[in-house]
There are 2 protein chains.
Amino acid sequence: MNTQTLLKEFNLRNTLPRTCILDEFTKSSYALSHNDLENNLGNKFDRVTIYRTLKTFLENGILHKVLDDDGIVKYAICATHDCSHEQHSHSHVHFKCNFCGQTNCLNDIAIPNISLPKGYKFHETNVLINGICKDCNEG
Amino acid sequence: MNTQTLLKEFNLRNTLPRTCILDEFTKSSYALSHNDLENNLGNKFDRVTIYRTLKTFLENGILHKVLDDDGIVKYAICATHDCSHEQHSHSHVHFKCNFCGQTNCLNDIAIPNISLPKGYKFHETNVLINGICKDCNEG
DNA sequence: CTGTGTGCAAACACTTTGCAGGTGT
DNA sequence: ACACCTGCAAAGTGTTTGCACACAG
């Protein structure tokens with residue numbers, strides 16, 4: 001999916017910061033924080049613009065937040081394309097490497113069904129697995 | 001377990017802020033953020049003291065961090081008592097209510113085994129389930 | 001041309017650090 | 001008595017808001 005068409009699809013204006021930021025996400029195999037983006041993009045854009053772009057993408061369901069175990073908010077592209085502002089569906093597994101710190105989405109792995117106690121209403125499940133990733137393990 | 005003895009067990013001094021903060025956690029059925037503590041305790045203690053106390057408790061394995069999907073760091077008591085600085089073992093399920101915002105630990109629910117792709121090394125799993133909790137569902 | 005997006009400045013919120021004095025053991 | 005803990009001040013970091021100008025459609 002082209003970034004240009006993606007933006008158009010969501011009725012968002014095609015601007016340089018937006019396409020560059022989207023490109024970062026499509027290029028990256030792991031979830032990116034605001035800080036990652038700032039580093040990757042040099043000083044090309046204002047820090048505030050990045051915040052606002054992330055927010056816009058979140059609201060439109062282009063990105064989703066990725067859980068992190070030490071409070072750093074990270075984002076990743078919604079791979080399944082049925083996300084919108086109202087309805088996100090990205091119940092999938094995230095793996096965080098304790099060595100390199102990278103978090104990536106293991107889209108192929110299904111989340112097992114967990115039965116909740118009586119009275120609880122299920123909406124979605126997020127799983128964060130910690131460990132050592134493939135690259136760090138081999139290296 | 002008494003808070004006094006708990007502190008002694010970890011070679012921590014028995015001070016007012018510590019006992020009060022520990023009490024908050026034993027009283028509460030859900031995970032508490034720094035902000036929650038500040039509110040619950042009035043202005044009894046300095047904000048910095050709360051930060052430092054939380055840090056101390058974390059390092060000693062009295063508390064553990066609870067994942068949250070919007071970046072607010074929350075803490076809960078380590079129910080299983082085999083946590084220490086080096087080795088935490090609290091792979092359990094957290095449930096966050098989208099209505100009241102409270103997150104609690106579902107200690108009874110076991111985490112299903114998820115098999116990782118080849119090359120990945122497992123350490124621990126954190127599960128955060130979103131939905132509507134019992135109280136909000138009935139209310 | 002219109003309304004949205006960007007950049008800059010500043011405010012705001014959250015967390016950590018340094019230091020002097022107080023307190024538990 | 002001593003080491004540790006607390007409170008205050010201040011610095012550091014992360015995020016949001018207001019406003020004027022620029023630019024996409």
Side-chain angles (χ1 to χ4, degrees), chain A residues 2-24 31-60 62-75 85 101 103, chain B residues 2-24 31-60 62-75 85 101 103:
Chain A
N2 188 333
T3 55
Q4 318 272 331
T5 40
L6 190 56
L7 288 174
K8 184 170 270 178
E9 189 178 321
F10 284 94
N11 287 316
L12 296 173
R13 289 194 180 168
N14 175 22
T15 67
L16 194 56
R18 286 178 177 174
T19 49
C20 286
I21 290 173
L22 260 187
D23 274 339
E24 285 300 315
L32 299 172
S33 65
H34 177 275
N35 208 356
D36 292 333
L37 289 169
E38 230 181 330
N39 292 336
N40 294 355
L41 298 169
N43 289 2
K44 213 144 81 179
F45 309 111
D46 194 276
R47 170 184 275 133
V48 176
T49 301
I50 300 178
Y51 277 115
R52 284 199 267 232
T53 305
L54 288 172
K55 199 174 185 180
T56 305
F57 287 172
L58 261 191
E59 288 171 352
N60 284 275
I62 299 175
L63 298 179
H64 66 272
K65 281 194 183 180
V66 172
L67 289 189
D68 196 282
D69 55 354
D70 43 44
I72 300 170
V73 184
K74 296 178 174 180
Y75 305 85
H85 187 15
T103 306
Chain B
N2 187 335
T3 56
Q4 318 270 333
T5 41
L6 190 56
L7 287 174
K8 185 171 270 179
E9 189 177 323
F10 284 94
N11 287 315
L12 296 172
R13 290 196 180 164
N14 175 22
T15 67
L16 195 56
R18 285 178 177 174
T19 49
C20 287
I21 290 173
L22 259 187
D23 274 340
E24 285 300 316
L32 300 172
S33 64
H34 177 275
N35 209 356
D36 292 332
L37 290 169
E38 231 181 327
N39 293 336
N40 294 356
L41 297 170
N43 289 3
K44 214 146 75 180
F45 310 111
D46 193 276
R47 171 184 275 132
V48 176
T49 300
I50 300 178
Y51 277 115
R52 285 199 267 230
T53 305
L54 288 172
K55 200 175 186 180
T56 305
F57 287 172
L58 262 191
E59 288 172 350
N60 284 275
I62 299 175
L63 299 179
H64 66 272
K65 279 194 184 181
V66 173
L67 289 188
D68 196 89
D69 55 353
D70 44 44
I72 300 170
V73 184
K74 296 179 174 179
Y75 305 85
H85 187 13
T103 307

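Proteins come first, then strands; the chains are lettered A, B, ... in the order of their sequence lines, and each starts at number 1. All values below come from the heavy atoms of this structure, side chains included, with hydrogens, waters and symmetry mates left out.
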Next on the checklist: Rounded to whole Å, please give me the gap between CZ in B/F45 and P in C/dT23.
Outcome noted: 13 Å

Checklist entry - Reckon A/R47 touches a base, only the sugar-phosphate, or nothing at all at heavy-atom distances under 4.0 Å? => result base

Item to check | Separation of B/L54 CG from B/I62 CD1 (nearest 0.5 Å) | outcome: 11.0 Å

N/O-N/O pairs, protein side and nucleotides 17-19 of chain D side, under 3.5 Å:
residue : atom : partner : partner atom : Å
D/dG18  : O6   : A/R52   : NH2          : 3.2

Item to check | Value rounded to 0.5 Å, distance of CG in A/N40 from CG in A/N35 | outcome: 9.5 Å

Checklist entry - Hey, does A/N14 reach any base, or is it just sugar-phosphate, or nothing, if we go heavy atoms under 4.0 Å? => result sugar-phosphate

Next on the checklist: Nearest whole Å is fine: how far is C/dC14 P from B/L37 CG?
Outcome noted: 14 Å

Item to check | Nearest to side-chain heavy atoms of A/H34, which nucleotide of C/dC14, C/dT15, D/dT15 | outcome: D/dT15

Checklist entry - Roughly, in whole Å, what's the span from OH in B/Y51 to P in D/dT13? => result 15 Å

Next on the checklist: So, under a plain 3.5 Å distance rule, would you say the side chain of B/R13 forms a donor-acceptor pair with the base of D/dC5?
Outcome noted: no

Item to check | OG1 on A/T3 to CG on A/L12, rounded to 0.5 Å | outcome: 12.0 Å

Next on the checklist: Could you measure the distance from the NZ atom of B/K55 to the CG atom of B/L63? Nearest 0.5 Å is fine.
Outcome noted: 14.5 Å

Item to check | Identified side chain to side chain contact (heavy atoms under 4.5 Å, CB included) counterpart of A/V66 within the set A/L32, A/V73, A/T103 | outcome: A/T103

Item to check | Side-chain heavy atoms of B/D36 within contact of B/S33, under 4.5 Å | outcome: yes

Checklist entry - What is the distance from CG of A/N11 to P of D/dA24, rounded to the nearest Å? => result 17 Å

Item to check | Distance, rounded to the nearest Å, where A/L16 contributes CG and D/dA24 contributes P | outcome: 9 Å

Next on the checklist: Let's see if you can work this out: which of C/dT6, D/dT6, D/dC8 has an atom nearest to the side-chain heavy atoms of B/P17?
Outcome noted: D/dT6

Checklist outcome for this item: Assign each of B/G71 and B/L12 the nucleotide of DNA chain C bearing its closest heavy atom; nearer the 5' end lies the nucleotide of B/G71

Item to check | Below 4.0 Å: OP1/OP2 of D/dT6 and any side-chain N or O of B/T15 | outcome: yes

Checklist entry - Atom CZ of A/R18 and atom P of D/dC23: how far apart are they, to the nearest Å? => result 15 Å

Checklist entry - Between atom CD in B/E38 and atom P in C/dT15, what is the gap in whole Å? => result 10 Å

Checklist entry - Quick one: does B/L16's side chain get under 4.5 Å of B/F45's, heavy atoms only? => result yes

Checklist entry - Whole-Å distance between D/dG14 P and B/I72 CD1? => result 18 Å

